[in-house]
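To start, the structure under review is shown below, and the notes come after it.
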Protein chains: 2
Amino acid sequence: MAKQYMQIGEVAERTGLTQRTLRFYEEKGLLAPPSRLEGGFRLYSEDDIQRIEHIVQFKRLLGFSLADIKNMLEAEETLADIRVMNQQEPHPAAQLQRMRKAIAVIEEQESLINRKIAQLEQMRDRWRERLDRTLRRSQEALRDLEAELAASGVKA
Amino acid sequence: MAKQYMQIGEVAERTGLTQRTLRFYEEKGLLAPPSRLEGGFRLYSEDDIQRIEHIVQFKRLLGFSLADIKNMLEAEETLADIRVMNQQEPHPAAQLQRMRKAIAVIEEQESLINRKIAQLEQMRDRWRERLDRTLRRSQEALRDLEAELAASGVKA
DNA sequence: ACGGACATTACCGTTTACGTCAAGGTTATT
DNA sequence: AATAACCTTGACGTAAACGGTAATGTCCGT
């Protein structure tokens, strides 16, 4: 298993971010302040790292600003809160209420991603049509070429 | 039909970009310098506008830097060049050669988009699993709630 | 030929998302 | 207790992607 806690250097290496970026994200509120060693060294938990990798993904895939990503991460947090609350107060009626909230949050994230996918698919389809047209034209060119060769064959 | 040529103000309105941004893109080489009126006013053709809207899409969907987008647009240009050349020198063998190039370019763009889509789908699937788990848990909560109600019904 | 709307270049300013020291404190090992 | 390796908080720097304004020129309808 991975060590329980990692210092910033190791986290940086694992996530591909720099130490500065990690501190920067923390400063901007994208990362919850991690725990610290007595001397002040940051200690990241597995959960922290999960969250960091989440951010990296959001950036790479969606291309959103950090401000946007922060909002999306708040959805994450809502879910985490709900889990904790369901653990603490396991009254079925209250749980059910919170579950509905959780489901709404997740569905929103999913539909956001789906919208993006749909747009990308549309974009891809336009390229695909283009490919088809080009292929058709190159078929024609090939046909013409064969005709030309046949003609020169007759001549020879 | 749309007017043959538009001035920068109208283009800005139609594309949702600012005039400054249009000039900036031109300066950075993302847009070919449009034709000009005698006095120096920029005149954009339909083709120019197509290209601009292309850029807007790339930005919104892929979230790439302008430098990256510039590279992708060069693929576009390669294709345009190929079309012109095929018109000018319609020798089948040469055409065929260029067609192959065109196909390669298009396929590269397509696969780039496909990779992005695949990553997004993976991300969506993770949310979907999460949704499933939450739904299952809320089923349990519902079951518990019904049991509770039944019990209180018996008591009442 | 003139007034108002629209454009031009030039240049400085701003925000975002970090990079890059500097000066000093902490941890682990010997 | 000394030393290397690691960390801390500033503080300033920077590239990208524009925003905003000034000073000036152009277009066009009357």
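Order of the sequence lines sets the chain letters (A, B, ...), proteins ahead of strands, with each chain counted from 1. Please read all numbers here as calculations on a predicted model, not as lab measurements. When reading the values below, keep in mind they use all heavy atoms of this one structure, side chains included, and skip hydrogens, waters and symmetry mates.
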Scan the side chains in residues 129-149 of chain B for donor-acceptor partners under 3.5 Å anywhere in the protein, sequence neighbours excluded, and list what turns up.
unit_1	atom_1	unit_2	atom_2	d
B/R130	NH1	A/E76	OE2	2.9
B/T134	OG1	B/R130	O	2.8
B/S138	OG	B/L135	O	3.0

N/O donor to acceptor pairs below 3.5 angstrom from side-chain atoms of residues 80-101 of chain A, sequence neighbours left out:
unit_1	atom_1	unit_2	atom_2	d
A/N86	OD1	A/R98	NE	2.7
A/N86	OD1	A/R98	NH2	2.8
A/E89	OE1	A/R98	NH1	3.3
A/Q95	NE2	A/N86	O	3.2
A/R98	NH2	A/E89	O	3.0

Report all side-chain donor-acceptor pairs from residues 27-35 of chain A shorter than 3.5 Å, counting only partners two or more places apart or in another chain.
unit_1	atom_1	unit_2	atom_2	d
A/S35	OG	A/L43	O	3.0

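Applying the salt bridge (Lys or Arg N to Asp or Glu O under 4.0 Å) criterion to B/R51, with sequence neighbours excluded, gives B/E77. Judged as a side chain to side chain donor-acceptor pair (under 3.5 Å), and not counting sequence neighbours, the contacts of A/Q57 are B/R126. For A/E107, the side chain to side chain donor-acceptor pair (under 3.5 Å) test picks out no residue, with sequence neighbours left out. With sequence neighbours left out, the salt bridge (Lys or Arg N to Asp or Glu O under 4.0 Å) criterion links A/E26 to A/R36, A/R42. For A/E38, the salt bridge (Lys or Arg N to Asp or Glu O under 4.0 Å) criterion is met by no residue, not counting sequence neighbours.
In this structure, CD1 on A/I49 lies 15.0 Å from NE2 on A/H54, to the nearest 0.5 angstrom. Note: B/Q109 CD to B/N114 CG = 11.5 Å, rounded to the nearest 0.5 Å.
For DNA chain C, the neighbouring residues in residues 16-34 of chain A, judged by any heavy atom under 4.0 Å, are A/T18, A/R20, A/T21, A/F24, A/Y25. Of the residues in residues 52-65 of chain A, those placing a heavy atom less than 4.0 Å from an atom of DNA chain C are A/K59, A/S65, in numerical order.
Where DNA chain C meets chain B (any atom under 4.0 Å from a heavy atom), the bounding nucleotides read 5' to 3' are C/dC6 to C/dC11.
Counting heavy atoms from C-beta on, the side chains of B/E10 and B/Y44 never come closer than 4.5 Å.
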Going through the distances and angles, do A/D48 and A/S45 end up as a side-chain hydrogen bond (donor to acceptor under 3.5 Å, both in side chains)? CA-CA 5 Å; A/D48 290 332; A/S45 70; 3.3 Å; yes
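Phosphate proximity of D/dC7 to A/R42: absent, as no side-chain N or O sits under 4.0 Å from OP1 or OP2.
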What one-letter contact string describes nucleotides 23-30 of chain D from 5' to 3', where B marks a base within less than 4.0 Å of any protein heavy atom, S marks contact via sugar-phosphate atoms alone, and - marks no contact? --BBS---
